[in-house]
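The figures here come from the full heavy-atom set of this structure, side chains too, leaving out hydrogens, waters and symmetry mates. Chain A is the first sequence line, chain B the second, and so forth, proteins listed ahead of strands; every chain is numbered from 1.
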Amino acid sequence: MGKVFSSFDEAVADIFDSAVIMVSGFGGTGGTAQNLIVALRDHGALNLTIISNTAGLASLMGFGTLPGHTAVDCGLLIDNDQVGKLIASYPVSPSPSKVNSFESHFREGKIGLELVPQGTLAERIRAGGAGIPAFFTPTGVGTQLAEGKEVREFDGRRHILETALKADFALIKAHKADTLGNLSYKGTSQNFGAVMVRSSGISIVEVDEIVSPGQIESHLINTPALFVDRLVKI
Amino acid sequence: MGKVFSSFDEAVADIFDSAVIMVSGFGGTGGTAQNLIVALRDHGALNLTIISNTAGLASLMGFGTLPGHTAVDCGLLIDNDQVGKLIASYPVSPSPSKVNSFESHFREGKIGLELVPQGTLAERIRAGGAGIPAFFTPTGVGTQLAEGKEVREFDGRRHILETALKADFALIKAHKADTLGNLSYKGTSQNFGAVMVRSSGISIVEVDEIVSPGQIESHLINTPALFVDRLVKI
Amino acid sequence: MLDRLPREVIAMRVAKELKDGDVVNLGLGIPSLCSQYVSEGKTILYHSESGVLNYGPMAEQGEEDDDLINASGQFLEPTPGMSFFHSADAFGMIRGGHIDVTVLGALQVSKKGDLSNWMLPSRGIGNVGGAMDLAVGAKRVIVAMEHKGRDGEPKVVSECSFPLTSPTCVSLIVTDIAVISVEQEGLILRETAPGWGLEDVQNETEPELIPAKDLKEIGL
Amino acid sequence: MLDRLPREVIAMRVAKELKDGDVVNLGLGIPSLCSQYVSEGKTILYHSESGVLNYGPMAEQGEEDDDLINASGQFLEPTPGMSFFHSADAFGMIRGGHIDVTVLGALQVSKKGDLSNWMLPSRGIGNVGGAMDLAVGAKRVIVAMEHKGRDGEPKVVSECSFPLTSPTCVSLIVTDIAVISVEQEGLILRETAPGWGLEDVQNETEPELIPAKDLKEIGL
């Protein structure tokens, strides 16, 4: 059961056109699989559906990015016309005057958008990994994001039905892995990655370090090995 | 914000008759709040609804109990006629010849039972803590535990609708706490406790040790402080 | 012309609403300033959608770590008792009612407490982020904002004309001229900025304000 | 009278089904024995509902720790690369399709692969535990059991008369006399215990068995 790949290119080589791909990260560079994203850009798969919290705020405006660093995020794939649809909570720049490539592609009709409240996005991804096809949530009730969705009252409060999200691949950044596939993250960088790793057919994880089983102590493992398919050391 | 209580009795003093109470533990002594259960027995609240994986396998047959140890679990409350209803996945002895007090009370019509598949039980409790009132699951479809439940197909597969579980109180065992309420567990002893702590109005946690904030390192905290209301040191 | 309170003073007034032991989530802009003005002796647990509870001050220059950010992308300092979690758990806390107070900015708040804060209709696209989850999930939603928009239009309105974040979620509005609570009977004007009377505030507010019996000057 | 295979040999035969890298959950009884017979060189990740992945051997006497158990309540030895999680995550792994193989005991298995393993109707009450979750969630369900009940009744039946755990979930049945796969066309008899022929096995089986083209003796 060899999970360790020797290059980013090799780890993304079988990503196909029109694949659904989850991309980890909250919006900054922490928890974002920058090397895998570059490899997927070089690989060139087209018409991808990207599931990501943002369309890339780190590359756009240095969000959560260390001073002086140049960030890579899923904005790179949108810039490169590889994305046909985005499922995200924060797709555009916070300022109308700063236009990212998602927004310009969107206005040209070149890219689709499913806008999802951030908590609903996280829960839909979790549901996808936990075998829950749909759930009711109060978030979004009475807003335009609830349009067309089934509404039902529980305890006198309205809720809408949301469905699970799954992907063909996930591109994840973690801190450490052991060769079995156990992962640990640093600080706030587990965010979406630690959920996406569960709901993708093939999870591909770039890590700062790959060690032997036992070298990440059991109580420090955030993601158990069964969720992890491929590892590449940065 | 004083969360630390000086005695088990004080920590359970306001539990009222007919309260819904979650009790942590998989079935053995690990993760079971043995001291809080004794305090609740002494307190004497009646007609309780208990949500627990088992009706007490440790006290019944030494399940997961160290040799030579006498275990306390929610069986004590059932023995003491304090329980009107049990919501559990594993309510009786594995052997028909060994009858626990739940089974005899049940046959006498003195106690009600809602039998729930273990994973559905865990997910319903999680949902209760996460603001999800109901979800669809494939577990139980086509069985007697699905009777009366809404059935719906997703991706060509039948699922049933299950609703969230919440409680007035939870009695939880963790390993360490800091005074803010952050918890860490040992090994397999987080099981149901780490989920129940999220879905109870008042969570009461007994721990081996209470330390100052910072003495449990951030990456070793399993349960963030916001879920914890009361702490008692064993 | 009457003086309007600066952003810092709005944040100070909101900080008074936070109680010892509260779990608090602060939005972008004015809300993010509130933590600086909480009186000593109160323990507040700050929560952020980025997956952290009990964060403290921002990191010093040169000490930044991109694995330690809040939802505004600011770098945090490691703090004793700080904990981390993934996004599904971060929002389970919000949706599950474990956040006592959220302080949010707004584009519009209606007399029923409806909130619009995620999309300018003129742009036609917006970022919903965690706003809907917070508006629905937090036990108490406080809006901190300027009373009028940059265009001079009132932001406290009879009906929101902008896309809703959540209906009937706001319980208190703190602005640069007033403190208004949203009640069953309507909007109650509780406090006004120094020099401002009921009529002055009403002139910048679309729905009718009901003066509180003990209407007073904003206290800090 | 023909010899029946002992429980250990049933477990050995099941162990052959486990592949390198498989994530496996073993039920109580015969299934729990399987891990002892997996050939060296195969890495199997054992999962238990108690909240552990990659457990290894049971703890030695005197080394038991009640914070380290599997779903059968057995004490485990700490193992490199072992990880822990709460019950909602433990069952998210099961329901979410992350378990490659589960090996379960059974009271009855039907010709369509329906499984009954949680309640004796004569008792009127039973423990469902994690059986329904595993039967529904694991990618492959293998039943390991004695071919007949203690009462002599067949356990491989046309229709389950006992309460169902899950319909059409079993893909392979390994017993003390046969290996039977559940296919679209019915139950295929793949292997028999030494000395047992199709008719011998059929005599102890309610539905009709279809002999495999390469029907052979059970291989270990």
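The CZ atom of F227(A) sits 6.5 Å away from atom CG of D89(D), with the distance rounded to the nearest 0.5 Å.
Ring centroids of F84(D) and H219(A) are separated by 6.0 Å or more, keeping the two rings apart.
Considering only heavy atoms from C-beta on, L226(A) comes within 4.5 Å of I99(D) through its side chain.
Of all non-hydrogen atoms in N182(A) and S83(D), the two that sit nearest each other are OD1-OG, 3.9 Å. Shown here for L180(A) and P80(D), the closest heavy-atom pair between the two residues is CD1-O, 4.4 Å. When every heavy atom of R198(A) is checked against every heavy atom of H98(D), the shortest pair comes out as O-CE1, 2.8 Å. The two residues L53(D) and P224(A) come nearest to each other via the heavy atoms CD2-CB, 3.9 Å.
Per-residue counts of heavy-atom pairs under 4.5 Å with chain A were compared for G97(D), G96(D), G137(D); the largest is that of G96(D). Note on G131(A), G128(A), S199(A): by heavy-atom pairs under 4.5 Å with chain D, the leading option is G131(A).
Other residues, nucleotides and ligands place no more than 12 heavy atoms under 6.0 Å from the CD atom of Q61(D). Around the CG atom of D214(D), the shell of radius 6.0 Å holds more than 12 heavy atoms that belong to other residues, nucleotides or ligands. In this structure, K19(D) places its NZ atom where only 12 or fewer heavy-atom neighbours from other residues, nucleotides or ligands lie under 6.0 Å away.
The contact between R126(A) and chain D is made entirely by side chain atoms (from C-beta outward), counting heavy-atom distances below 4.5 Å.
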